[in-house]
Protein chains: 2
Amino acid sequence: MSTPPFPHTPTKAPKRAARKRPLATVADADGNRRADLIRVSARLFREKGFDGTTIRDIAAEVGMRSGSPFYHFKNKQEILAAVMEEGLVAGLEATEKIMASAQSPREKFRTLVRSHLETVLAEGHDFIPVLLYEWRSLPPDLQARIIELKDRYDLQWQHMLNQLKQAKLIRNDGKVARLLLLGAINYSAQWYKPGKGLSLDQLADQTVEFFLSN
Amino acid sequence: MSTPPFPHTPTKAPKRAARKRPLATVADADGNRRADLIRVSARLFREKGFDGTTIRDIAAEVGMRSGSPFYHFKNKQEILAAVMEEGLVAGLEATEKIMASAQSPREKFRTLVRSHLETVLAEGHDFIPVLLYEWRSLPPDLQARIIELKDRYDLQWQHMLNQLKQAKLIRNDGKVARLLLLGAINYSAQWYKPGKGLSLDQLADQTVEFFLSN
DNA sequence: CCTACCGATCGGTAGG
DNA sequence: CCTACCGATCGGTAGG
């Protein structure tokens with residue numbers, strides 16, 4: 001009755017949405033309306049909050065009528081879950097790839113910070129900010145799957161901190177240290193404006209310099 | 001026609017609300033209903049967000065009927081502004097007092113961090129978290145007064161960073177350093193649960209240790 | 001995916 | 001501060 005409503009690889013087209021392909025609109029020649037809804041919802045949820053965004057807002061932005069998003073998602077909360085999962089799957093892939101690479105701890109940290117900043121601050125990357133700041137709007141039954149992915153994300157950062165500690169580049173690598181470090185970066189989503197002031201590269205450099213000894 | 005709707009010192013009773021004193025309810029013998037509305041709203045805005053909180057929620061929590069909060073506030077946004085101002089006025093007073101004290105840079109930093117953690121994390125201290133995470137719900141015309149207070153708050157922290165730099169306790173005291181440092185602390189409002197795990201004193205110690213050299 | 005719609009809820013107000 | 005209320009909007013659904 002209820003197969004998992006989201007594909008785990010964003011590159012693969014969703015099966016259910018393809019069941020009855022509608023006429024393609026001007027806005028989207030390839031007809032992947034579900035992905036459009038997720039992308040647009042991420043932006044609106046970030047700009048106006050989950051409660052401040054209406055289904056009608058979302059529908060209008062992708063050129064649908066107000067009832068149509070419910071053809072793709074059971075309810076509004078499921079859209080929120082899909083947004084968060086989309087961001088985590090992409091971010092986790094990038095993170096795990098970096099952690100598996102053969103760089104020095106310092107280089108690896110710089111790459112990881114740069115990658116995470118991209119995930120949180122780059123234009124069009126609204127998925128993780130929504131995860132970070134709209135968490136309370138996600139019903140508990142939908143939180144479980146997201147938490148699982150988030151734990152894997154945190155684990156990678158914990159490994160990074162451990163390596164930095166071992167290389168004597170930081171003084172502390174406990175859980176609080178990780179929360180403070182990631183908090184500093186995540187909070188940048190509240191003040192950083194793309195295209196104004198620092199570039200992401202410059203911000204990554206300053207962040208590394210601020211946190212690492214030597 | 002429009003005198004400033006909020007007193008600047010929370011200790012002084014509001015003048016307009018006292019104009020026509022209603023019967024005191026059980027919940028509040030001293031009859032300061034306006035302060036009750038602000039305190040309760042802060043908690044609800046933090047728990048459920050500004051858009052997720054209804055006037056009826058607020059009214060019910062202080063034992064009013066749904067239309068009555070509008071006797072004290074022009075609209076819902078004015079309540080939000082009052083919540084933010086309440087937090088900033090209190091936080092600013094504490095901060096400026098600490099900065100004016102005669103402590104060593106390290107001691108002063110520890111005291112300041114501890115004070116800010118109290119402001120952001122202690123039970124019943126929901127004002128600043130609302131400021132930090134519901135900012136987008138505040139209409140531009142109401143933002144001005146809050147920004148003024150916030151700038152003074154940031155200025156104190158900037159002074160603190162400058163002193164730490166001079167004492168060679170941190171490597172960088174630019175604006176980005178300040179944003180990263182305060183971001184790390186402010187983000188703790190997202191994960192810290194009072195009464196669980198670390199105490200505020202322990203967290204303050206770990207935060208100081210994490211950020212300061214030597 | 002659209003049309004047409006429903007029941008519930010919301011911010012806010014008039015008048016006392 | 002309450003009573004009584006309004007117009008607008010919202011999430012969601014039936015049926016095609």
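Labels below follow one simple rule: chain letters A, B, ... track the order of the sequence lines, proteins then strands, and each chain is numbered from 1.
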Colleague: To the nearest Å, how far apart are B:Ile58 CD1 and D:dC1 P?
Modeller: 14 Å
Colleague: Looking at B:Glu134 and B:Lys76, is there a salt bridge between them, counting it only when a charged N and a carboxylate O are closer than 4.0 Å?
Modeller: no
Colleague: For DNA chain C, report each stem as range with range, ordered by first number, or say none. Use Watson-Crick or G-U wobble pairs under 3.5 Å, at least 3 in a row.
Modeller: C:1-16 with D:1-16
Colleague: Give me the one residue out of A:Arg33, A:Arg43, A:Arg39, A:Lys48 that meets salt bridge (Lys or Arg N to Asp or Glu O under 4.0 Å) with A:Glu61.
Modeller: A:Arg43
Colleague: Decide whether A:Asp154 and A:Gln158 meet the rule of one side-chain donor and one side-chain acceptor closer than 3.5 Å.
Modeller: no
Colleague: Only counting residues at least two apart or in another chain, list the ones meeting salt bridge (charged side-chain N to carboxylate O under 4.0 Å, His left out) with B:Arg56.
Modeller: none
Colleague: Just how far, in rounded Å, is C1' of D:dG11 from CD of A:Glu78?
Modeller: 14 Å
Colleague: Using atom CZ of B:Arg33 as one end and atom P of D:dC1 as the other, report the distance to the nearest whole Å.
Modeller: 5 Å
Colleague: Nearest of D:dT3, C:dT13, D:dG11 to any side-chain atom of B:Phe70?
Modeller: C:dT13
Colleague: Check whether any side-chain N or O of A:Arg56 sits under 4.0 Å from OP1 or OP2 of D:dT9, and answer yes or no.
Modeller: no
Colleague: Can you tell me how far C1' of C:dG12 sits from CD of B:Gln77, to the nearest Å?
Modeller: 11 Å
Colleague: Atom CG of A:Asp51 and atom P of D:dC10: how far apart are they, to the nearest Å?
Modeller: 12 Å
Colleague: Please report the distance, rounded to the nearest Å, between OH in B:Tyr71 and P in D:dC2.
Modeller: 11 Å
Colleague: Considering every strand and a 4.0 Å limit on heavy-atom distances, what is the contact class for A:Thr54: base, sugar-phosphate, or nothing?
Modeller: sugar-phosphate
Colleague: Taking it one step at a time, do A:Phe210 and B:Phe211 satisfy side-chain contact (heavy atoms from CB on, under 4.5 Å)?
Modeller: CA-CA 9 Å; A:Phe210 184 70; B:Phe211 282 107; 3.6 Å; yes
Colleague: Indicate yes or no for a side-chain donor-acceptor contact from A:Gln202 to the backbone of A:Ser199 under 3.5 Å, with no hydrogens or angles considered.
Modeller: yes
Colleague: Quick one: on DNA chain D, does A:Lys74 or A:Asp57 contact a more 5' nucleotide (nearest heavy atom)?
Modeller: A:Asp57
Colleague: Roughly how many Å is it from CE in A:Met64 to P in D:dG12, rounded to a whole number?
Modeller: 16 Å
Colleague: Whole angstrom is fine here: how far is it from CZ in A:Arg65 over to C1' in D:dT13?
Modeller: 17 Å
Colleague: Testing the basics here: between B:Ile98 and B:Ser115, what is the closest heavy-atom pair and its distance to 0.1 Å?
Modeller: CD1-CB, 3.5 Å
